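Down below is the structure, laid out as structure tokens.
To find a chain, count down the sequence lines: A is the first, B the second, and so on, and within it residues start at 1. These numbers were taken from a predicted model, which means no experiment stands behind them.
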There are 2 protein chains.
Amino acid sequence: MANKSCIIRLSMYRNALIRLKTLNFVKVFSDNLADVARVTSVQVRKDFSLFGISGNRRGGYLIDELISQISAILGKDKVQKFIVIGIGNIGKALLNYPSFKKNEIELVAGFDIDMNKHNRDVEVPILPLEELGKFVAENEIKFGVISVPDFAAQEVLELMFRAGIKGVLNFAPICLKEPPDCVVRNINLETELENIIYFTNFAEQAGASR
Amino acid sequence: MANKSCIIRLSMYRNALIRLKTLNFVKVFSDNLADVARVTSVQVRKDFSLFGISGNRRGGYLIDELISQISAILGKDKVQKFIVIGIGNIGKALLNYPSFKKNEIELVAGFDIDMNKHNRDVEVPILPLEELGKFVAENEIKFGVISVPDFAAQEVLELMFRAGIKGVLNFAPICLKEPPDCVVRNINLETELENIIYFTNFAEQAGASR
DNA sequence: AAACTGTTGTGAAAAATATCACATAAATCA
DNA sequence: TGATTTATGTGATATTTTTCACAACAGTTT
């Protein structure tokens, strides 16, 4: 079965393909994708073979065909709606983030407990948290982002789960316990920076001792 | 050698430990950390053993000691300064992100090409991109975040590299080519969402066919 | 039409990562 | 003080992921 990094790579291939298409590429080779996505060409082909995507021996892949095949796998054949809970720094950034729409991802509403943040008269309304359940049911929302402070995150996740949300991206710096049949992915900005700090320092030490 | 996920786990253990310390824990067991960081206890101990961290047979680990050992590994024994390039949605969110300081990570300046965004009269100034090299040299900055549009990202990375920056967190939705001796880590918001979408749909299908 | 070239596709091998099983040590109890 | 309990620490094993090596094939050249 496909694993997490494999799907991440598919997304990257798709991005690369879209970019290459704007350059008027008609067919691409696994080597092209490997270069752009910074992996090996075998990795590209192995990933494709896992999903039954095949090209033409010696002829590479037809770019349009490939894009639509990958898009289908990633659920990009239809617009995927999602909501954001917690309109702080990150929540606000997501509300204004331009490239979701280009990628068939649509942020349809934000939620917050702070009534000063509520606002219904805009394209993407900010609603009180109490309306979450109703909104999710009426609009058939499956995906959501958590951008509340750490202490509130687990509670918000359970709220989302009860509302019927099935997939969650969590920015709160805490490792959430995923409810059954609910996919949760954590992005922790400090952790990411700490990772970079470690490997940078490590590389320096290794370099110095070389 | 330690790998990327191992360091991410160390960060998570540290977060967990700090949380447990506020609850007045004095010692912790690998099982406690496993629960909070959502891994197995063997994994915790294996990770520790990789860095020569040892506890007391039967007695677990002294929390203060453990925090300082992990902190030292992650470079948290001193404040790590970093800058942000591109003061758009994400850049702004980072400027106001509260929990960096708690974690010995200090955002010291932002940079942008748009002169309307420049502002020197605040704690974290926003400076013109031309001043990057000078600022980085004078303030001995080693780390930076890229939050510019995709088409500008590679160029900005090379600019940062020439200025002397060694570790970069990239939010631009493009896979950057890392210069030699420079650590680059990509966070792509769309890709993360696509990942969630895929696995949510997949779980649904698997559930339905069960 | 035969030889050649360059790319895909994949079984097998290797490398990386995580888990298991259990020896070892420290504390407690009888 | 010997037996028992409960964690740690780690070699061995299993699993996952990536890379290697090369057969298969479709064009292209001679």
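- Considering only side-chain N and O atoms, A:Thr40 lies under 4.0 angstrom from the phosphate OP1 or OP2 of D:dT19.
- Between the P atom of C:dT17 and the CG atom of B:Leu50 lies a distance of 11 Å, rounded to the nearest Å.
- At the heavy-atom level, B:Gly55 lies under 4.0 Å from the strands shown only through sugar-phosphate atoms.
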Protein N or O to nucleotides 13-17 of chain D N or O, pairs below 3.5 Å:
from, atom 1, to, atom 2, distance (Å)
D:dT17, OP1, A:Asn3, ND2, 3.3
D:dT17, OP2, A:Asn3, ND2, 3.0
D:dT17, O5', A:Asn3, ND2, 3.2

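- A:Ser54 comes within 4.0 angstrom of the backbone, heavy atoms only, and of no base.
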Audit row: B:Glu106, B:Lys101, salt bridge (charged side-chain N to carboxylate O under 4.0 Å, His left out) steps and yes/no: CA-CA 6 Å; B:Glu106 194 189 357; B:Lys101 273 201 186 149; 5.5 Å; no
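- Atom CZ of A:Arg45 is separated from atom P of D:dC20 by 12 Å (rounded to the nearest Å).
- Going from atom CG of A:Asn56 over to atom P of C:dG9 covers 8 Å, rounded to whole Å.
- Using a 4.0 Å heavy-atom criterion, one finds that B:Asp31 contacts no nucleic acid atom at all.
- Here the shortest heavy-atom pairing between B:Ile7 and B:Ala2 reads CD1-CB, 4.0 Å.
- Interface remark: the B:Lys46 side chain does not form any donor-acceptor pair with the C:dT17 base, using a distance-only criterion of under 3.5 Å.
- With no hydrogens or angles considered, a side-chain donor-acceptor pair links B:Ser99 and A:Glu190 at under 3.5 Å.
- Rounded to whole Å, the distance from CG on A:Leu66 to P on C:dT7 is 16 Å.
- Summarising the geometry, the separation between CG on B:Leu62 and P on D:dT8 is reported as 12 Å, rounded to the nearest angstrom.
- Here the options are A:Leu94, A:Asp114, A:Leu95, the test is side-chain contact (heavy atoms from CB on, under 4.5 Å), and the partner is A:Ile87; only A:Leu95 passes.
- B:Lys166 and A:Asn201 share no side-chain donor-acceptor pair at under 3.5 Å.
- Using a 3.5 Å distance cut-off with no hydrogens or angles, the side chains of A:Asn56 and A:Tyr61 do not pair a donor with an acceptor.
- One atom, CD1 of A:Ile53, and another, C1' of C:dT8, lie 14 Å apart when rounded to the nearest Å.
- Between the base of C:dT28 and the side chain of B:Arg58 there is no donor-acceptor pair shorter than 3.5 Å.
- As judged by a 4.0 angstrom heavy-atom cut-off over every strand, B:Gly59 is placed among residues making no nucleic acid contact.
- A:Val28 has its side chain within reach of A:Phe25: a pair of non-hydrogen atoms, C-beta onward, lies under 4.5 Å apart.
- A straight line from OH of B:Tyr61 to P of C:dA26 spans 14 Å, rounded to a whole angstrom.
- Within the 4.0 angstrom heavy-atom criterion, only backbone atoms of the sugar-phosphate kind lie near B:Ser30; the bases stay farther away.
- When heavy atoms are screened at a 4.0 angstrom cut-off, A:Phe48 is found touching no nucleic acid atom at all.
- Side-chain atoms of A:Arg57 lie closest to C:dT8 of the nucleotides C:dT8, C:dA25, D:dT19.
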